[in-house]
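Keep in mind it's a predicted model, so treat the numbers as computed, not measured. Every chain is numbered from 1 and lettered A, B, ... according to where its sequence line falls, protein lines coming before strand lines.
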Number of protein chains: 2
Amino acid sequence: MATRTDASTRREQILKEAARLFAERGFHGVGVDEIGAAVGISGPGLYRHFPGKDAMLAELLVGISGQLLTGGRRRVAEAGTESRGGGPGAVLDSLIEGHIDFALDDRPLITLHDRELDRLRDSDRKMVRQLQRQYVELWVEVVREVHPELAEPPARAAVHAVFGLLNSTPHLSRPRLPNRAATATLLHAMARGAFASAAEAAARA
Amino acid sequence: MATRTDASTRREQILKEAARLFAERGFHGVGVDEIGAAVGISGPGLYRHFPGKDAMLAELLVGISGQLLTGGRRRVAEAGTESRGGGPGAVLDSLIEGHIDFALDDRPLITLHDRELDRLRDSDRKMVRQLQRQYVELWVEVVREVHPELAEPPARAAVHAVFGLLNSTPHLSRPRLPNRAATATLLHAMARGAFASAAEAAARA
DNA sequence: TCCTCAGGTTAGCGCTCGTTAACCGATTTC
DNA sequence: GAAATCGGTTAACGAGCGCTAACCTGAGGA
């Protein structure tokens, strides 16, 4: 074989195209022949790299969830030890920024992430769900440090809602969203505002 | 045949179960036999009520989009002529309230609405997209009355983002969300806060 | 030079799915 | 009372799917 880099490139190439196709037409709506064609090989050639179509989806979803969680943890750790005092607000800002980067740069993955979870084998789905849950809990902790008046259940609901807000970019998608930076700034401000209003409402009640 | 009411009840029963199943396992993931079984008839019996599986999805999606748009227009008209001056803020509140009601009461439909649009025939998809666009524009107008400092493109992005926020309820779903009223209040506050922060960010820039 | 083997190919199998065909009982209509 | 029709049934067809089998090629290593 060629170098290890080439081999993993081919695998990653397959995953990337599969993600795009799954996001566009749904897991069941895409055939293995199409995925193969998208990377220049045909149909069953994919089975030299993956044990089956399900495995591609599983690897994609586990990968996404893992990346989000790892990135989130890294940001919490970094922002926590940052010299400029920062405080919990800065940590939350960093989490939001990381999620926005992901949502804007890996649209198909974000789409897959909350559309096709149910197509997974039980064990894989459990794994993904667990990673998702840990990611949510990471956010909940940070949000409650910033807004102590928020109890845990509404904080969790608020985090889910903000995920929905941040993940909306694939929907408005294609051509006519403002430039990337402006969109990121807008979404960031909206997320912070949404959390603040949630806390305010909780305090008032 | 029995009364007209019975006939339309059967049709609606089919649509309701189809919506649930499509939302749970995706359009391609559900067979006509399962839909039939869910209403007590079997497989091909459905073809006495619909010309095909696609037609069920189309009717569901067109129906949802139409309902949202009609309800939104009604609310704008009502809140506009309301005796207690109200103002644009009240109109926006009414829109948000209506959307939240829909998201909380018709979860499967909301799920379908932004997952399975691409499975439609071109003509149906165009129709749904047009209804969705009009609904968005309705919101954009109202939002810009409340927050004049928001230009049109960011306002449109903000509306999409708030839809993502409000439609997040199916995700956190099943068991452990607070009671309905509390969730509605929380989401409402977050939506208003998100818009306000979007406007604030736009004014600052 | 020969062997191994990674990474492809095409043919085809078996299954599932949407849909149609043919038939049937009950209820309404003339 | 006959006829039509509504709403259902079962059988079966044809297409498309994921996947396997069998084969092939070209590059490295002994």
Nearest 0.5 Å please: distance from the CG atom of A:L68 over to the CD atom of A:Q132. 9.0 Å

Assign a letter to each nucleotide of nucleotides 10-18 of chain D from its 5' end: B, base within under 4.0 Å of a protein heavy atom; S, sugar-phosphate only; -, no contact. BB------S

Rounded to whole Å, the CD1-P distance (B:I35 to C:dC17) equals 11 Å

I'd like to check A:V162 versus B:M190 (side-chain heavy atoms, cut-off strictly below 4.5 Å). Are they in contact? yes

What integer distance in Å separates B:R119:CZ from C:dG18:C1'? 17 Å

Calculate the interatomic distance between A:Q13 atom CD and C:dG7 atom C1'; express it in whole Å. 14 Å

Could you tell me which residues satisfy ring-ring contact (aromatic ring centres under 6.0 Å, His included) with A:F163, sequence neighbours excluded, listed by chain and number? A:H99, A:Y135, A:W139

Geometric cation-pi criterion, A:K53 with A:F27: 6.0 Å, 45°: yes

Could you tell me how far apart B:F22 (CZ) and C:dC17 (C1') are, to the nearest whole angstrom? 13 Å

Just N and O in the side chain of A:R10: are any of them under 4.0 Å from OP1 or OP2 of C:dA6? no

Has the side chain of A:R125 got a donor or acceptor atom that lies under 3.5 Å from a matching backbone atom of A:L120? yes

Atom pair distance, as rounded to whole Å: CZ in A:R48 and C1' in D:dC24: 11 Å

What is the distance, rounded to the nearest whole Å, between atom CG of A:L46 and atom P of C:dT9? 9 Å

Will you find, in the side chains of B:Q13 and B:R10, an N or O donor that is under 3.5 Å from an N or O acceptor? yes

